[in-house]
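Worksheet: one structure, shown below.
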Amino acid sequence: MARKYWLLKTEPSSFSIDDLAAAEDQTTYWDGVRNYQARNFLRDEFQVGDRVLYYHSACEEPAVVGTAIVVREGYPDHTAWDRRSDHYDAKSPAENPRWYMVDIRLEKKFPLPVTLAAIRQIDELAEMPLRRKGNRLSVQPVTKNEFETVVKLSKKPAGHGSR
C-alpha cells in the first residue's frame with residue numbers, strides 16, 4: 001500500500017513536539033480525537049510508515065514544527081474508557097469502541113517552524129485543508145508534494161519561502 005501523508009494538530013500546551021521528543025523512544029499514542037471524520041482517518045487509513053506533519057495550533061503563532069512517522073496503525077483509544085481522562089466517553093464501550101488512535105514517533109523537529117501565515121503564501125500549498133476557512137479538523141490528509149514543500153520551507157529563513 002502506498003505511503004500516505006498527514007497533518008496532526010496539537011495544542012503545544014497539551015502535547016508539544018518537545019513533549020514528543022522527551023517521550024520514551026520519542027514515541028506516543030495520538031489519543032483524544034473526538035471527531036468522526038478524523039476518527040475514520042485514524043481507524044481506516046493510517047498505515048505504519050505514513051509520514052506526519054506535526055502542527056502546533058491554538059497558540060500565538062500556529063505552525064508546522066516537525067515531522068513524525070506512524071509506527072502503529074489505528075486501534076481503540078483506551079482513554080475513552082478512563083473516567084479520569086479528559087477524553088472519557090461513556091458512549092464508547094470497550095466491546096464496541098467509538099474512538100481510535102495511532103502511535104507516532106518523532107522523525108524531525110524543524111530548525112525553523114513553518115507558520116500558517118507562510119503556508120498561506122505558497123501557491124503549491126493552496127489546496128491544503130489547513131488553508132480552508134473553518135477547517136478545524138485535527139487530523140488532515142496532505143499530498144506528498146504538500147508534505148515535501150513544507151519540509152523544504154522549514155530550512156529557509158522566514159520571508160524567503162513565499163513565491
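Residues passing the side-chain hydrogen bond (donor to acceptor under 3.5 Å, both in side chains) test with Glu73: none are found, sequence neighbours excluded. Listed by chain and residue number, nothing satisfies the side-chain hydrogen bond (donor to acceptor under 3.5 Å, both in side chains) test with Arg120 (two or more places apart in sequence, or in another chain).
The existence of a salt bridge linking Asp89 and Lys91 is excluded, since no basic side-chain nitrogen approaches an acidic carboxylate oxygen closer than 4.0 Å. Looking at Asp77 and Arg34, a side-chain N of the basic residue comes within less than 4.0 Å of a carboxylate O on the acidic one, giving a salt bridge.
The CE atom of Met101 sits 13.5 Å away from the CZ atom of Phe46 when rounded to the nearest 0.5 Å. Of the inter-residue distances, the one linking Leu153 atom CG with Thr149 atom OG1 reads 6.5 Å to the nearest 0.5 angstrom.
The hydrophobic side chain of Val48 is isolated, with no ILVMFWY side chain under 4.5 Å apart from it. Through direct or indirect side-chain contacts shorter than 4.5 Å among Ile, Leu, Val, Met, Phe, Trp and Tyr, Trp81 is connected to no other residue.
Heavy atoms of other residues, nucleotides or ligands lying less than 6.0 angstrom from CZ of Arg136 number 12 at most. Open room surrounds CD on Glu127; 12 or fewer heavy atoms of other groups in view lie less than 6.0 Å from it.
Counting only heavy atoms from C-beta outward, the side chains of His56 and Ser16 approach each other to under 4.5 Å. Leu7 places a side-chain heavy atom less than 4.5 Å from the side chain of Val64. By the 4.5 Å heavy-atom criterion applied to side chains, Phe41 and Val139 are counted as neighbours. The side-chain heavy atoms of Ile119 and Leu130, taken from C-beta on, include a pair separated by under 4.5 Å. In this structure the side chain of Tyr54 reaches within 4.5 angstrom of the side chain of Val65, judged on heavy atoms.
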Name every donor-acceptor pair, under 3.5 Å, that has one atom in a side chain of residues 23-33 and the other anywhere in the protein, sequence neighbours excluded.
unit_1	atom_1	unit_2	atom_2	d
Gln26	NE2	Ala21	O	3.3
Thr27	OG1	Asp25	O	2.8

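Between Trp99 and Asn35 the shortest heavy-atom distance is CZ3-N, 3.6 Å. Lys108 and Pro111 make their closest contact through CE-CD, 4.3 Å (heavy atoms, listed as atom of the first residue, atom of the second, distance).
No donor-acceptor contact under 3.5 angstrom links the side chains of Asn40 and Tyr100, judged on distance only.
Within the structure, salt bridge (Lys or Arg N to Asp or Glu O under 4.0 Å) contacts touching residues 2-18 (residues at least two apart or in different chains) are Lys4-Glu45, Asp18-Lys109.
In this structure, Phe147 is not a member of the same hydrophobic cluster as Leu8, with clusters built from ILVMFWY side-chain heavy atoms closer than 4.5 Å.
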